[in-house]
K.L.:
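There's a structure below that I have some questions on.
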Amino acid sequence: MSILYFCPVLATPSGGVRVIYQHSELLERNGIPSQVVHPEDSSYRCRWFDSKTSIRRGSNVDPTGDFVVVPEVWAANGGKHFHQSGVSFAIFVQTGYPVSYTHLDVYKRQG
């Protein structure tokens, strides 16, 4: 199993992106496979801070072997996609973005 942190591409420094990289790197250092995924540009890597984080080239996810962590700003769309695809995932809430049960209704199982 690999833990995949989906992460936006930002040219300017952002604490949220840095925390995503740090979490992934910490998991790797402790023997847990983890990579950062930039679905908007799979060749991207943040260069405005030092990091040894592994980057997954491409955004393919194995529903049987990957666990995805989605930032809260992508929870509604990205989370819905992973839910419908049978991919296990978590929503990573770092800031004050409004996340409520109303937003999460998209994950209710039908039937």
K.L.:
Can V36 be reached from W74 by stepping across I, L, V, M, F, W or Y side chains whose heavy atoms are under 4.5 Å apart?
P.N.:
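Cluster IDs for W74 and V36 differ.
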K.L.:
Looking only at heavy atoms, what is the nearest atom pair of G58 and V37, with distance?
P.N.:
O-CG1, 3.8 Å
K.L.:
Pick out which of S54, S34, S51 makes a side-chain hydrogen bond (donor to acceptor under 3.5 Å, both in side chains) with S24.
P.N.:
S34
K.L.:
What distance do I55 atom CD1 and R45 atom CZ have between them, rounded to the nearest 0.5 Å?
P.N.:
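Going from CD1 on I55 over to CZ on R45, the span is 4.5 Å.
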K.L.:
Which residues pass the side-chain contact (heavy atoms from CB on, under 4.5 Å) test with S88, sequence neighbours left out?
P.N.:
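Per chain and number, S88 pairs via side-chain contact (heavy atoms from CB on, under 4.5 Å) with F67.
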K.L.:
Using side chain to side chain contact (heavy atoms under 4.5 Å, CB included), reason through Q94 and F92 one step at a time and then give a plain yes or no.
P.N.:
CA-CA 6 Å; Q94 294 188 63; F92 189 19; 3.5 Å; yes
K.L.:
So, using side-chain contact (heavy atoms from CB on, under 4.5 Å) as the criterion, who are the partners of S85 when residues are at least two apart?
P.N.:
H81, V87
K.L.:
Got N77 and K80 here, is their nearest side-chain heavy-atom distance under 4.5 Å?
P.N.:
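When only atoms from C-beta onward are counted, K80 and N77 do not touch, as no gap falls below 4.5 Å.
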K.L.:
Would you mind writing out the side-chain donor-acceptor pairs for residues 1-21 within the sub-3.5 Å range, not counting sequence neighbours?
P.N.:
| from | atom 1 | to | atom 2 | distance (Å) |
| --- | --- | --- | --- | --- |
| S14 | OG | G16 | N | 3.4 |
| Y21 | OH | H38 | NE2 | 2.7 |
| Y21 | OH | C46 | N | 3.0 |

K.L.:
Examine V93 and V69 and state if one hydrophobic cluster contains both, with Ile, Leu, Val, Met, Phe, Trp and Tyr joined whenever side-chain heavy atoms are less than 4.5 Å apart.
P.N.:
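Different clusters.
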K.L.:
Would L26 and H23 count as a side chain to side chain contact (heavy atoms under 4.5 Å, CB included) here? Give the steps.
P.N.:
CA-CA 5 Å; L26 181 65; H23 276 209; 5.8 Å; no
K.L.:
Enumerate the residue pairs fulfilling salt bridge (Lys or Arg N to Asp or Glu O under 4.0 Å) with a member in residues 47-58, sequence neighbours excluded, ordered by first and then second residue.
P.N.:
R56-D66
K.L.:
Holding to side-chain hydrogen bond (donor to acceptor under 3.5 Å, both in side chains), I want the full list of residues that pass it with D41, two or more places apart in sequence or in another chain.
P.N.:
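Result, side-chain hydrogen bond (donor to acceptor under 3.5 Å, both in side chains) vs D41: S43.
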K.L.:
Just jot down the side-chain hydrogen bond (donor to acceptor under 3.5 Å, both in side chains) partners of D62, sequence neighbours excluded, or say none.
P.N.:
T64
